[in-house]
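Values in this document were obtained by computation on a predicted structure and should not be read as measured data. Below, chains carry the letters A, B, ... as their sequence lines are ordered, and counting in each starts from 1.
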Protein chains: 2
Amino acid sequence: MPASRLLITPRCPVRTALELLSGKWRLLLLQQVATGAARYGELRQSLPDISEKVLAHELKFLVDAGLLTRQDAPEGLVRSLYALTALGEQTQPVTQALARFGLAYNAEVALEPSRERAADANARP
Amino acid sequence: MPASRLLITPRCPVRTALELLSGKWRLLLLQQVATGAARYGELRQSLPDISEKVLAHELKFLVDAGLLTRQDAPEGLVRSLYALTALGEQTQPVTQALARFGLAYNAEVALEPSRERAADANARP
DNA sequence: GAATTCACCTACCTTGAGGTAAGTATGCCC
DNA sequence: GGGCATACTTACCTCAAGGTAGGTGAATTC
């Protein structure tokens, strides 16, 4: 099975994906928008502990990268409606896989108090 | 469909997963180990541009987190054989999803030279 | 027309992830 | 026992992600 061990170079697709999607908020933002086109204020409420600077910045990045679209005012309304592009929708399997792993990890940690120290390093209030 | 919009709190499983797996190297290391149990030197060769400090540190982190095991010398050999735990194997769907997204992104960018500027922000030699 | 809300933007600061370069401990070979 | 390889460790530094706090301009409300 080491037959398929591959050299991890900068052009590896996993690295491409990591560079586009890594960060504390990007995948969470995409996940929120996936639940329906969302406005700026809705996103801020959904992710209570993101700062406004970062929210605006990440939205801009995702639009520039072609993962989100921003619709300006459908005439008369306040502007800003974000939606996933086709490419953006392709991030959903990633988020789902992460969610499944997160659940598996929590389940495992619950069963193994012996590893609580390691888990504590990532514990939150 | 906004029926299922959920509050992203620190306890969300996606956040748990992101905290454990985010970073430049973790998923790549796990992917490499998944191609067969690996030794320190093999991993260093597979990921040519990781620094030794980070390689050692990330390996330790992954062992502490319960995603990798390190077998000490099977008697007489040089020590250090890393392998995935059951939990560690559960990260593979994440990596696979990232790989699929990376390929889709590259394909899309190749078709749309108009967005090359945004892509350039993440381009590498 | 004053006040408020919404969707941002700007300047400044802190923290930590990751890099560089060197050193250490252990075993193996001859 | 001197040299070499493997598997790390340590001290130091840099940079960028992310946070804080306070703006701004346009629309909407009263």
Side-chain angles (χ1 to χ4, degrees), chain A residues 8-10 15 18-30 32-33 37-65 68-83 120-125, chain B residues 8-10 15 18-30 32-33 37-65 68-83 120-125:
Chain A
I8 298 291
T9 72
R15 287 186 83 156
L18 283 174
E19 280 165 14
L20 277 164
L21 302 179
S22 73
K24 200 170 169 181
W25 300 111
R26 267 169 216 178
L27 283 168
L28 294 171
L29 275 171
L30 290 165
Q32 286 301 305
V33 177
R39 301 206 290 117
Y40 182 90
E42 291 179 299
L43 292 170
R44 196 183 39 193
Q45 284 174 355
S46 302
L47 288 81
D49 45 359
I50 194 174
S51 73
E52 295 225 26
K53 173 202 151 190
V54 173
L55 176 54
H57 181 260
E58 293 296 88
L59 285 171
K60 201 170 187 186
F61 174 89
L62 291 170
V63 169
D64 286 350
L68 288 184
T69 54
R70 184 175 80 172
Q71 293 175 355
D72 289 277
E75 207 70 61
L77 285 175
V78 208
R79 66 233 146 120
S80 95
L81 250 193
Y82 293 92
D120 277 352
N122 293 285
R124 283 145 284 105
Chain B
I8 298 291
T9 72
R15 289 187 82 157
L18 284 173
E19 280 164 15
L20 277 165
L21 302 179
S22 73
K24 200 171 170 182
W25 301 110
R26 269 169 214 178
L27 283 168
L28 295 170
L29 275 171
L30 291 165
Q32 285 302 304
V33 177
R39 301 207 291 115
Y40 182 90
E42 292 178 300
L43 292 169
R44 197 185 37 195
Q45 283 173 357
S46 302
L47 287 79
D49 45 358
I50 193 174
S51 73
E52 295 225 25
K53 173 202 150 191
V54 172
L55 176 53
H57 181 261
E58 294 295 89
L59 285 172
K60 203 169 186 188
F61 174 89
L62 292 170
V63 170
D64 286 350
L68 286 185
T69 55
R70 184 176 78 173
Q71 293 177 354
D72 289 277
E75 207 69 59
L77 285 174
V78 210
R79 66 234 145 118
S80 96
L81 250 194
Y82 293 92
D120 276 352
N122 293 285
R124 283 146 284 105

In whole angstroms, how far is the [atom2] atom of [N] from the [atom1] atom of [X]?
{"X": "A:Arg39", "N": "C:dT5", "atom1": "CZ", "atom2": "P", "answer": "14 Å"}
{"X": "B:Tyr82", "N": "D:dT6", "atom1": "OH", "atom2": "C1'", "answer": "11 Å"}
{"X": "B:Leu43", "N": "D:dT6", "atom1": "CG", "atom2": "P", "answer": "14 Å"}
{"X": "A:Arg44", "N": "C:dC9", "atom1": "CZ", "atom2": "P", "answer": "14 Å"}
{"X": "B:Lys60", "N": "D:dA7", "atom1": "NZ", "atom2": "C1'", "answer": "13 Å"}
{"X": "B:Leu55", "N": "D:dT9", "atom1": "CG", "atom2": "P", "answer": "11 Å"}
{"X": "A:Leu59", "N": "D:dG18", "atom1": "CG", "atom2": "P", "answer": "13 Å"}
{"X": "B:Tyr40", "N": "C:dG27", "atom1": "OH", "atom2": "P", "answer": "18 Å"}

Is a donor from one side chain sitting under 3.5 angstrom from an acceptor on the other, for B:Tyr40 and B:Glu52?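 Yes, side-chain donor-acceptor contact under 3.5 Å.
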
Six-ring centre of B:Phe61, B:Arg26 cation under 6.0 angstrom, axis tolerance 45°: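 Yes, B:Arg26 lies over the aromatic ring of B:Phe61.
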
Heavy-atom side-chain proximity of A:Leu68 to A:Val33 below 4.5 angstrom: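 In short, these two side chains touch, coming nearer than 4.5 Å.
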
Compare side-chain N and O positions of B:Ser80 against OP1 and OP2 of D:dT6 and report whether any pair is under 4.0 Å apart.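 Looking at the OP1 and OP2 atoms of D:dT6, neither is under 4.0 Å from any side-chain N or O of B:Ser80.
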
Just the atom pairs and distances: protein N or O near nucleotides 18-25 of chain C's N or O, under 3.5 Å.
unit_1, atom_1, unit_2, atom_2, d
C:dG18, OP1, B:Lys24, N, 2.6
C:dG18, N7, B:Lys53, NZ, 3.1
C:dG18, O6, B:Lys53, NZ, 3.3
C:dG19, OP1, B:Lys24, NZ, 3.1
C:dG19, OP2, B:Trp25, NE1, 3.4
C:dG19, N7, B:Lys53, NZ, 3.4
C:dG19, O6, B:Lys53, NZ, 2.5

Between A:Lys24 and B:Arg15, does the side-chain contact (heavy atoms from CB on, under 4.5 Å) criterion hold? Intermediate values first, please. CA-CA 8 Å; A:Lys24 200 170 169 181; B:Arg15 289 187 82 157; 4.0 Å; yes

State, to 0.1 Å, how close B:Arg70 and B:Ser80 come at their nearest heavy-atom pair, and which atoms those are.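 In terms of heavy atoms, the two residues are closest at CG-CA, 4.1 Å.
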
Grab the two heavy atoms, one from B:Val63 and one from B:Thr69, that are nearest each other, plus how far apart they are.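 Residues B:Val63 and B:Thr69, closest heavy atoms: CG2-C, 4.5 Å.
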
